[in-house]
Number of protein chains: 2
Amino acid sequence: MTPPDGSGVARTRRRQADKAPSPPTGAGERAIDMGGLPDFIGYALRRAQIRVFEDFIRSLAKLDVSPAQFSVLLVIDRNPGLKQSQVSAVLGIQRTNFVAMVDELERRGLVVRQAVPNDRRSHALVLTDHGRENLRKAAKLQAKHERRLGERLGEGGREALLRLLRALAST
Amino acid sequence: MTPPDGSGVARTRRRQADKAPSPPTGAGERAIDMGGLPDFIGYALRRAQIRVFEDFIRSLAKLDVSPAQFSVLLVIDRNPGLKQSQVSAVLGIQRTNFVAMVDELERRGLVVRQAVPNDRRSHALVLTDHGRENLRKAAKLQAKHERRLGERLGEGGREALLRLLRALAST
DNA sequence: AATAACTGTTATCACATATTACATAAAAAG
DNA sequence: CTTTTTATGTAATATGTGATAACAGTTATT
């Protein structure tokens with residue numbers, strides 16, 4: 001499996017290079033035949049995912065929290081004391097790659113690794129006060145982002161989309 | 001914008017590391033609270049995209065054609081003679097990164113860069129016979145893949161999904 | 001006690017994407 | 001027609017994301 005970020009979207013750098021794909025094709029130049037690409041699930045999925053992640057990143061830019069970081073903070077907040085391996089597993093992040101993520105969150109003072117009473121191998125993850133405060137703000141911005149997406153999808157669109165996406169992802 | 005592949009999916013390597021996110025939570029260990037993550041568009045989108053790309057890659061493994069390569073071959077086939085920059089632009093690939101892609105496709109004998117009559121800067125891209133044949137086979141496998149996805153989505157699900165995804169991606 | 005499995009970690013590798021700089025060539029401006 | 005701007009392809013490079021292998025310390029099994 002794979003982490004909740006990826007998306008190929010550069011979080012730090014400001015994007016906007018080359019140009020967006022196929023602006024409706026101006027006057028003169030003959031339209032380019034996409035060969036049905038936009039009607040393929042995978043292509044449509046990818047395009048949508050990129051857009052949504054871009055919007056997410058813009059929405060939380062103030063806090064500099066990526067989609068992946070948001071998911072990590074959220075899970076730790078709801079399940080304080082989980083081991084690194086547990087958090088990484090539910091999120092589909094490999095524990096080896098998860099190390100650096102926790103390093104960064106710890107460096108920023110959002111998370112701490114705590115000793116576990118009966119197991120000297122594992123680290124229990126908990127949010128600091130600062131981490132909780134940061135998550136609270138992030139969640140607010142994320143909710144706004146989510147609402148914005150919902151509006152684009154029309155009445156009942158969001159729920160329908162979630163159902164369909166789960167159908168694709170399940171099993 | 002961004003290319004049609006990405007997806008964080010390793011095409012070459014065989015995947016399956018760590019374990020899939022949150023298997024329904026067995027008996028003993030208390031369920032982990034995802035904090036509503038699965039109900040967020042971005043998260044669901046990402047998960048679905050990964051799954052779909054994995055399936056695509058498996059489906060076309062025989063031909064060793066990635067989603068990105070498939071889209072490139074398709075566009076060149078439908079619009080023979082387009083310049084590199086045109087192809088990369090419609091697909092949302094930066095022209096600098098597109099160079100290596102064309103190199104590879106050319107190396108494999110699927111595509112050729114042709115001189116353009118009135119412009120000595122640009123290269124016109126066309127499929128070779130081998131490239132066309134390869135695309136034909138790829139399209140067949142892709143169609144099967146697409147049908148399989150459609151079945152998962154139920155009656156009218158595919159069309160509904162495409163509509164919703166386009167709503168997210170547009171503008 | 002010996003062996004196996006778990007946990008976190010480091011070091012790499014592969015690959016996707018973005019940025020910068022450049023050479024050549026065509027187009028636009030003057 | 002010359003100067004300047006823009007377009008095109010390319011290389012070099014940096015960063016991010018994901019996968020693999022190996023390892024040390026610890027705990028669990030046998």
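Residue numbers begin at 1 in each chain, while the letters A, B, ... track the order of the sequences.
- The nearest whole Å value for the distance from the CZ atom in B:F53 to the C1' atom in D:dT17 is 15 Å.
- For the pair A:E54 CD and C:dT17 P, the computed distance is 12 Å after rounding to whole Å.
- Ion pairing between B:R108 and B:D103 fails under the 4.0 Å rule for side-chain N and carboxylate O.
- Set against D:dA19, D:dG25, D:dG9, the side chain of A:R121 has D:dG25 as its closest nucleotide.
- The phosphate of D:dG9 (OP1 or OP2) has a side-chain N or O of B:S85 nearer than 4.0 angstrom.
- Residues A:L82 and A:I76 form no side-chain contact, since every pair of their non-hydrogen atoms from C-beta on lies 4.5 Å or further apart.
- Here the P atom of nucleotide D:dT17 and the CZ atom of A:R95 are 20 Å apart, to the nearest Å.
- Side-chain to base pairing of A:T96 with D:dT20: one donor and one acceptor N or O lie within less than 3.5 Å of each other.
- Across D:dA7, C:dA18, D:dG18, the shortest atom-to-atom separation from the side chain of B:R46 is found for D:dG18.
- Residues A:V52 and A:H145 come closest through the heavy atom pair O-CE1, 3.5 Å.
- Mapping A:H123 and B:N118 onto DNA chain C by nearest heavy atom places A:H123 at the nucleotide closer to the 5' end.
- One interatomic measurement links the two molecules: CZ of B:F98 to C1' of C:dA18, which rounds to 17 Å at whole-angstrom precision.
- B:E104 places no side-chain N or O within 3.5 Å of a backbone atom of B:M101 that could act as its donor or acceptor partner.
- In this structure, A:N79 contributes its side chain and A:V75 its backbone to a donor-acceptor pair below 3.5 Å.
- Put simply, CG on B:L125 is 13 Å from P on D:dT8, counting in whole angstrom units.
- For B:Q94 and C:dA18, the shortest distance from a side-chain N or O to OP1 or OP2 is below 4.0 Å.
- The CG atom of B:L91 sits 15 Å away from the C1' atom of C:dA16 (whole-angstrom rounding).
- The side chain of B:S122 lies closest to D:dG9, out of C:dT9, D:dA19, D:dG9.
- Nearest-nucleotide assignment on DNA chain D puts the 5′-proximal partner with B:D119, out of B:D119 and B:D103.
- Here D:dG16 presents its P atom at 12 Å from CE of A:M101, a figure rounded to the nearest Å.
- Not one side-chain nitrogen or oxygen of B:R113 sits closer than 4.0 Å to the OP1 or OP2 atom of D:dT8.
- Dashed line: the shortest gap from a side-chain N or O of A:Q84 to OP1 or OP2 of C:dT9 is under 4.0 Å.
- Listed nucleotides D:dT27, C:dG8, D:dA19 differ in distance to A:R120; the shortest reach to its side chain belongs to D:dT27.
- Note: CG (B:D64) to C1' (C:dC15) measures 14 Å, nearest angstrom.
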